[in-house]
Each structure stands twice: as C-alpha cells, then as structure tokens.
There are 2 protein chains.
Amino acid sequence: MRKKGPGRPPVTTHALIEEIAFRLFDEQGFDNTTVEQIADAAGIARRTLFRYYPSKNDIPWGQFDESLRHLAQHLREMPTDVSTAEAVQESVKAFNHVDPAAVEQHRRRMRLLMNTPALQAHATLRHGAWRAVIASYVAQRHGMSPDDLHPRTIGRVALALALSAYQQWLEDEQTSLPGLLDEAFAALHHHLDDQRAVIPERRAAGTGQ
Amino acid sequence: MRKKGPGRPPVTTHALIEEIAFRLFDEQGFDNTTVEQIADAAGIARRTLFRYYPSKNDIPWGQFDESLRHLAQHLREMPTDVSTAEAVQESVKAFNHVDPAAVEQHRRRMRLLMNTPALQAHATLRHGAWRAVIASYVAQRHGMSPDDLHPRTIGRVALALALSAYQQWLEDEQTSLPGLLDEAFAALHHHLDDQRAVIPERRAAGTGQ
DNA sequence: TCCATTATTGCCCTCGGTGCCAATACGGTG
DNA sequence: CACCGTATTGGCACCGAGGGCAATAATGGA
C-alpha cells in the first residue's frame, strides 16, 4: 500500500504480528497471553505493538475495516432491480467469502473471536460499524435516514442472523458457511417485505448517537 | 432478601452505590469517573466496591440478574395454548416493564448503557444470558436442544428487535416502549411460523460453547 | 465476656493502555 | 561523505481496573 516515502521503514507487519499472536493464543489462551509476550515474540517493543494495534482486542480482527469498505462498495454496486433483501444477502455472503485455502485459518480466527468473552464484548463495537453499513444501504434504498428505525432494525437483524450462522458453522465442521447464511437470510426477506408498506411514512430523523 | 444472620452487617447497599455512581457519571461521564471516586463518594474503600460489583461496567446494570430470573419464570408460566412467538413477546414486554414513576431513571440508565462504548461492549455478555433464556424456552417448546440453531437464532433475533425498540425509545421521548416492542416483535412471528415446519428434523446437539 | 461469622479495608501486585521524548534508520542533497 | 528531514521505534513513567491475601471490625449468640 504505502509507497517508499522518507523516514524509517517499519520493522514488521500486521500479518506477522497476527501470526505470532495467534500461535500464543492457541498455546496459552487469549487471557493468559500478555501483550508483552506478543511483543517479545514479534521482536518489537510493547510500545510499538500498540502502534500497530490500538488494543489487544483488536489483534485478532485482521482486515476487518478493509472488508467493511468492500461490503459497502459491494452494496453500492448492487443492481437496483434486485430486492433490498437479496442485495443485502448477496453482499453479506460476499463479505464472508473466504478463499478455500484460508478456511482453516478463518475458522481459527472466528472461533477465538466468538468463544472468548473479552473478544465477544469487544466485537460489539466492530459490529456497530457493520450494522451501520447495512443500515445506510437500506436507508438509501428506501429514501430514509440511516438513523431511522427501520434501517437500523434491519442492520441488527441481519447481524443476528449472520452471527447465528457463524456460530453454527463453527460448531459443525461439515456445514457450509454460505449455505447457512442463505438459510438464515431467508428470514430477512419477511422483514423487508413486510415493512415495505410502511416506507411512505417518512419520519423525522433520530438524534443520531 | 438475606435474613439477619450473624456477622458484620454491610455498610451500604447496591442501590445507594448506584445512585451515587449515576450522579458522577452524569456529571463527568462514565470514562472520566474512576472507581476510586465512586468509592470515596459512597464512603467505602475501593476494594470494597469491587466486592459489591465485579467490575465498573457492572455498576449500571442494577437488578438485571434478578430480572432475568423473572423473565425465565414468566416464560415458564406462559400457557401453552399461545404461540411461542406470542409467549416470547409477552414475556419480553413484561421483562421491560417499568413502573411509571421510575421511567425517567430507567431512561437514564439505558441511555448510559447504550451510548457508552465501554458499556455497549460489556452489554454483550449480559445479553448472552438474556438470549440463553429465550433460546431455552423456544427449545423446550419445540423439543429441541438450547444449543440448536433455531432456538439460538430466535434468541439473537429477539434481542436485535428489543434493542432496536430501545434505541428508538431513547431517541424519541414521545414513544411508548411497550408499543415499540409490539411493533418490533411482530416480525418475530414470521421466524417462528416459518421454521415450525422444520422442527421434525431434530438434529444432533451442538458442542455447546 | 468470648466466639463464630461476615464485611470491610489496606497493601501489593499484574496487566492494558497512553503521553512524552530521545534514538534510530532510512532516502535524498550538497 | 557529512548532513538533513522524516517517520518509525523504543524506553520510561504513569494511570486505572482488577485480584489475592491477611488483618481487622462489627454483629448476634453461648
């Protein structure tokens, strides 16, 4: 990404730190692994690690922010002749697509994220951004504000369904993630179909948060 | 609750600590308020405060655990001739019923919980217990395991809908919380109606977590 | 009064996270 | 090669949340 500009070059990469961190997490568990151990193993200073990641909890998230931007873009590029529900379903599936070769690593990451209490809690903040992307899209499609009740509800429900699918996927090695997502999102169509009748009643924008 | 048993009597109460803490949170914000300040203002030692609450994040939650037990009991006592969706809807409404006199305090609490990042994150853990109660009920009504996909999905979706209603309620002083919950939960009926056909296929229990 | 019981408290420690500042490793210029 | 601007690194001191432990205080009862 970053071109060769002046200044001292970074001594490591996010990818490398992640790899080392995951090894330690696997060996000793997330909570029993200190930031100092990770830094030492990565050959950098504690202080430096905190410049690569704002918090210990952020380490396992990988390229989430970038993926989020792709999700938003995927939604934007969705043709308007498919229903909102289908567009959301398709984009969420794309968001969660993983290269077959990387599927084991992905399972490892998601298992850690969903089974570690500290990370479960932290995930809420990331999920907030995820929901916002969905809500924005739904709002835009329906001529509403992203802060309106309906788009936000869709964001929340979509997240609930996606997490449900993920949890199942993690517990059942055989199942296919895209398949589970399809099943889960079938339910979303009802929400969007039902509420479509309500759209005309454009309400005042919420206070935001 | 606890009878007059032997031993040194507690020097304060959760209610009192909460009141003091909320005052400080209002004045300076949650993050800018240290546990020590709360302890001092409450006239107890820092160490003692941590025996009343396992963490700073737990202070604003009040009687949540007890309310959860009531939710579970309310569900158990629900007649079986009402649909699962109705039972859930009714019970969630009961769970969120607040005495009219206490509604302002409740708004204050919920606003803090939903607008403070640290608390949003922590909430996920409490919500996990909430979802488990709903999932258990749905599972039991449908002869499934609480770890099966369907009950857990219902738990997640119900939570999503309830939070959506709450958020709206907080931003719009006029709206009625029970009303918003009713609107939100209308969507839940589809989930439960749809999936009912799937029930016969009892699947192997998940691994639990 | 002495005892068993329970709550409070102080002390010390660990860990995550931040502010500050000096040291370091480049690429480019004279 | 010496020098310079720049960006990253890393050390240090500091804060706040939280836990382990042992001493102590306050009660009711024998």
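Residue numbers begin at 1 in each chain, while the letters A, B, ... track the order of the sequences.
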- Query: What is the nucleic acid contact for Thr34(A), judged by heavy atoms within less than 4.0 Å: base, sugar-phosphate only, or nothing?
  - Reply: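 Thr34(A): backbone/sugar contact only, no base atoms under 4.0 Å.
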
- Query: So what does Tyr53(A) hit on the nucleic acid, given a heavy-atom distance under 4.0 Å: a base, only sugar-phosphate, or nothing?
  - Reply: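 It contacts nothing in the nucleic acid.
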
Starting at atom [atom1] of [X], determine the distance to atom [atom2] of [N], rounded to an integer number of angstrom.
X	N	atom1	atom2	value
Phe50(A)	dC15(D)	CZ	C1'	13 Å
Leu49(A)	dC15(C)	CG	P	15 Å
Asp40(A)	dC15(C)	CG	C1'	14 Å
Asn57(B)	dG16(D)	CG	P	16 Å
Tyr52(B)	dG18(D)	OH	P	18 Å
Gln37(A)	dG16(C)	CD	P	9 Å
Glu36(B)	dT9(C)	CD	P	13 Å
Asp58(A)	dT18(C)	CG	P	10 Å

- Message: I want to confirm an ordering. Mapping Gly7(B) and Ser55(A) to their closest nucleotides on DNA chain C, which one lands closer to the 5' end?
- Response: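 Result of the comparison: Gly7(B).
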
- Item | Donor + acceptor pair across side chains of Asp99(A), His106(A) (<3.5 Å) |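 Per modelled atom types, Asp99(A) and His106(A) side chains form no pair under 3.5 Å.
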
- Task: Tell me yes or no: between the side chains of Arg76(B) and Gln140(B), is some donor less than 3.5 Å from an acceptor?
- Result: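 On atom types as modelled, these side chains do not qualify, holding no pair under 3.5 Å.
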
- Task: Determine the interplanar angle of the His127(B) and Trp61(B) rings, folded into 0 to 90°, and report it as parallel if under 30°, tilted if 30 to 60°, perpendicular if over 60°.
- Result: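 It falls in the perpendicular class, over 60°.
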
- Nearest-nucleotide wise, let me know which of Val11(A) and Asp31(B) is further upstream toward the 5' end of DNA chain D.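 The 5'-side residue here is Val11(A).
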
Nearest-neighbour nucleotide for the [X] side chain, [options] considered:
X	options	result
Lys56(B)	dA7(C), dA17(D), dT9(C)	dA17(D)
Thr48(A)	dT9(D), dG17(C), dG5(D)	dT9(D)
Pro9(B)	dT27(D), dG19(D), dA25(C)	dT27(D)
Arg47(B)	dT8(D), dG18(D), dC11(C)	dC11(C)

- Task: Report, as yes or no, whether the 6.0 Å neighbourhood of atom CD on Glu19(B) holds more than 12 heavy atoms from other residues, nucleotides or ligands.
- Result: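 No, CD of Glu19(B) has 12 or fewer neighbouring heavy atoms, counting only those of other groups under 6.0 Å.
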
- Applying side chain to side chain contact (heavy atoms under 4.5 Å, CB included), run through Arg108(A) and Phe22(A) and close with a yes or a no. CA-CA 9 Å; Arg108(A) 207 160 142 236; Phe22(A) 266 97; 3.6 Å; yes

Going by modelled atom types, is there a donor-acceptor pair between the base of [N] and the side chain of [X] at under 3.5 Å?
X	N	value
Arg8(A)	dT9(D)	no
Arg46(A)	dG11(D)	no
Arg51(B)	dG18(D)	no

